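Shown next, in structure tokens, is the structure this report addresses.
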There are 2 protein chains.
Amino acid sequence: MAERPDLAAMLGGLVRSLVALETPVLEEHRLSMWGYVVLSALDDSPVRTQAALAQAIGADKTRIIGTLDELQDAGLISREPDPADRRVRLLAITETGRERRRAAQDRIQAKEERLLARLPAADRAAFLRAAQALAAE
Amino acid sequence: MAERPDLAAMLGGLVRSLVALETPVLEEHRLSMWGYVVLSALDDSPVRTQAALAQAIGADKTRIIGTLDELQDAGLISREPDPADRRVRLLAITETGRERRRAAQDRIQAKEERLLARLPAADRAAFLRAAQALAAE
DNA sequence: TATTGTTATACTCTATAACTATA
DNA sequence: TATAGTTATAGAGTATAACAATA
């Protein structure tokens with residue numbers, strides 16, 4: 001009877017194969033992994049500062065600057081100084097960005113579905129519920 | 001009603017927090033993350049070649065050499081040329097290695113338990129079962 | 001002086017390709 | 001010549017700290 005493998009190792013391997021699965025899709029849609037994460041965060045709601053966005057996605061504030069530059073150059077996000085405090089940048093997804101993100105997300109979720117299809121329906125629902133609860137920190 | 005977040009992003013965040021949780025424990029036990037992964041693999045069964053070990057843990061064969069050097073120097077693994085083919089290195093965990101790994105694993109699993117304790121018992125069992133099934137590739 | 005965002009630097013990981021030793 | 005392991009090189013990703021602009 002096998003002992004339970006370490007959770008981190010187990011999930012780490014799973015994440016690696018998911019990333020491998022999704023990277024080609026993102027490339028087709030001309031999005032980097034971080035770009036996709038940022039678009040997803042902004043699609044849920046706009047954010048008032050870059051630091052807040054960085055924290056929301058678990059990144060360093062210096063780490064997302066290049067990503068924001070690219071997304072802005074591609075017209076996928078807007079990024080304007082707040083008139084009330086010109087130090088901060090107001091961040092929001094554009095309509096183009098939303099479309100791009102949705103298109104990528106549809107393909108990605110379809111691939112994820114194929115993976116999840118291996119699970120019995122009950123386990124599958126519980127897995128998603130549990131993952132969401134645990135990821136909520 | 002919130003849409004389902006992307007699986008990869010969700011699990012990726014979860015893995016990050018697990019790693020953050022476990023890194024201090026590994027440091028206490030003087031193990032690197034890869035060192036722990038290697039010990040865990042060898043604790044399940046010895047391996048005949050370094051390339052096979054690398055593949056088993058999803059790493060590159062060049063990537064684990066430094067790790068194997070450290071583990072060997074610390075007396076946690078044995079690594080001898082196969083008399084039948086002196087190109088290959090027979091790898092096995094030592095008794096010291098086993099003890100070190102078990103000690104770290106106990107502490108790590110205890111921390112994981114505390115995290116999993118948030119879940120209803122049924123979801124928790126289903127989550128582990130599903131994660132194991134999906135990670136099995 | 002404190003805060004937001006940016007740039008610069010160094011450091012760690014990783015991937016690729018040469019190299020050695022055995023076969 | 002083919003294979004297991006090793007070393008060397010370069011590239012990507014990341015963290016830290018210094019910097020500029022604004023408050």
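Proteins come first, then strands; the chains are lettered A, B, ... in the order of their sequence lines, and each starts at number 1. Note: hydrogens, waters and symmetry copies are ignored here, and every other heavy atom, side chains too, is used. Predicted model, so just to flag it, every value in this text is computed and none were measured.
- To the nearest 0.5 Å, atom CG of residue B/L71 and atom CG of residue B/L39 are 5.0 Å apart.
- The residues B/D82 and B/R48 are annotated as salt-bridged, a charged nitrogen and a carboxylate oxygen being separated by less than 4.0 angstrom.
- Interface limits on DNA chain C: the 5'-most and 3'-most nucleotides within less than 4.0 Å of chain A heavy atoms are C/dA2 to C/dT7.
- Contact detail for A/L21 and A/V25: the closest heavy-atom pair is O-CG2, 4.1 Å.
- By the neighbour-count criterion of 12 heavy atoms within 6.0 Å, atom CD of B/Q55 is sparsely surrounded, having that number or fewer from other residues, nucleotides or ligands.
- Using a 4.0 Å cutoff on non-hydrogen atoms, the parts of residues 50-70 of chain B near DNA chain C are B/D60, B/T62, B/R63, ordered by number.
- Projected onto DNA chain D by closest heavy-atom contact, B/R89 and A/R87 fall at different nucleotides, the more 5' of which corresponds to B/R89.
- Between A/E95 and A/R100 there is no salt bridge, since no side-chain nitrogen of the basic residue lies less than 4.0 Å from a carboxylate oxygen of the acidic one.
- Checking the phosphate oxygens (OP1, OP2) of D/dA12, no side-chain nitrogen or oxygen of A/W34 falls inside 4.0 Å.
- Salt bridge A/R107/A/E22: absent, no basic N to carboxylate O contact under 4.0 Å.
- In terms of polar N and O atoms assigned as donor or acceptor, the side chain of A/R86 never comes within less than 3.5 Å of the base of D/dT22 in a complementary pairing.
- When side chains are defined from C-beta on, B/M10 does not count as touching B/D6, because their heavy atoms never get closer than 4.5 Å.
- Side-chain N/O atoms of A/R89 and A/T49 include no donor and acceptor closer than 3.5 Å.
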